[in-house]
Amino acid sequence: MPRRRVLLGVLGWLAVATVAVTVGVLAISLLGRGLTDGTSQPLSSDAVARALAKASAEATPEPTAVRPEPSTSATPTGEPPTTPPVGEEGSTPAVTSFPSRGGTVLARCDGDQAYLTSWSPHPDFETEEAERGPDSTASVEFEGDDVKVKVVVTCVNGRPKAETEIKPD
């Protein structure tokens, strides 16, 4: 009698374990199809800049006027590689993309007032501080494990110009 109970207990446990594993495998395979379809493609830097510019043009941000602290060392980034227009010519200021070691900043000018429309830190960086503008300068600071990268935007002749400051952390 005790031997029969043990055998029934083992068989019952095996049946329940088999059902549990089967349900788990089916659930993972169903979820896996939705998560790893392979239909999505990574976006290029230009596509990201266009999408961010479009999204920022549709949104109505609430600007704050906070002046950034002056810095001791700055490295000019030069002319930006891309300047995607937002909206129709003349209706909305052009948004300019400024890539840096810490992330990408999108900025525009309204006369001599700089305004950050958006920013996106690179992997392993996070946004430490942002001073969006509009003001004579606007800036965002990205912090990584061992470095801080600050992008300061000003307007020259109505066009955004950026300087990147890199400081060890």
Side-chain angles (χ1 to χ4, degrees), residues 1-64 66 68-69 75 77 80-88 92-108 114-134 138-153 160 162 164-169:
M1 186 78 164
R3 190 171 190 210
R4 187 173 179 188
R5 273 191 182 167
V6 171
L7 185 59
L8 284 174
V10 169
L11 288 175
W13 182 87
L14 285 173
V16 169
T18 301
V19 169
V21 168
T22 303
V23 168
V25 167
L26 286 174
I28 290 171
S29 69
L30 290 174
L31 287 175
R33 284 190 200 128
L35 297 175
T36 60
D37 271 345
T39 57
S40 63
Q41 296 283 329
L43 295 175
S44 68
S45 295
D46 291 338
V48 170
R50 284 191 301 272
L52 287 172
K54 181 179 178 186
S56 66
E58 293 170 357
T60 53
E62 295 181 28
T64 58
V66 181
E69 296 178 26
T75 305
T77 59
T82 58
T83 307
V86 178
E88 294 180 14
T92 306
V95 174
T96 305
S97 174
F98 297 101
S100 73
R101 179 175 170 189
T104 300
V105 177
L106 296 180
R108 65 178 167 82
Y115 181 75
L116 303 183
T117 57
S118 64
W119 54 89
S120 177
H122 287 311
D124 299 327
F125 282 85
E126 60 184 36
T127 302
E128 177 70 16
E129 183 179 346
E131 297 176 4
R132 175 167 260 176
S139 64
V140 62
E141 186 173 301
F142 302 112
E143 184 173 10
D145 290 337
D146 59 349
V147 68
K148 286 187 179 184
V149 179
K150 187 172 187 177
V151 179
V152 180
V153 178
T164 302
E165 305 165 11
I166 300 175
K167 300 177 191 171
D169 193 23

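No hydrogens, no waters, no symmetry mates; every other heavy atom, side chains included, goes into these values. Heads up: numbering here begins at 1 and tracks the sequence.
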Atom pair NZ (Lys148) and CD (Glu143), whose distance is rounded to the nearest 0.5 Å: 4.5 Å
Spatial distance of atom NZ (Lys150) from atom CD (Glu129) [nearest 0.5 Å]: 6.0 Å
[X] versus [Y]: any side-chain heavy-atom pair under 4.5 Å?
X: Glu165; Y: Val152; value: yes
X: Thr104; Y: Ser97; value: yes
X: Thr127; Y: Phe142; value: yes

Criterion side chain to side chain contact (heavy atoms under 4.5 Å, CB included) on Tyr115 and Arg132, from CA distance to verdict: CA-CA 6 Å; Tyr115 181 75; Arg132 175 167 260 176; 3.3 Å; yes
Looking at [X] and [Y], what are the two nearest heavy atoms and their distance?
X: Thr22; Y: Thr18; value: OG1-O, 2.8 Å
X: Ala130; Y: Trp119; value: CB-CZ2, 3.3 Å
X: Ala107; Y: Phe98; value: CB-CE1, 4.1 Å
X: Ser139; Y: Leu116; value: O-CD1, 3.4 Å
X: His122; Y: Arg101; value: CD2-O, 3.2 Å

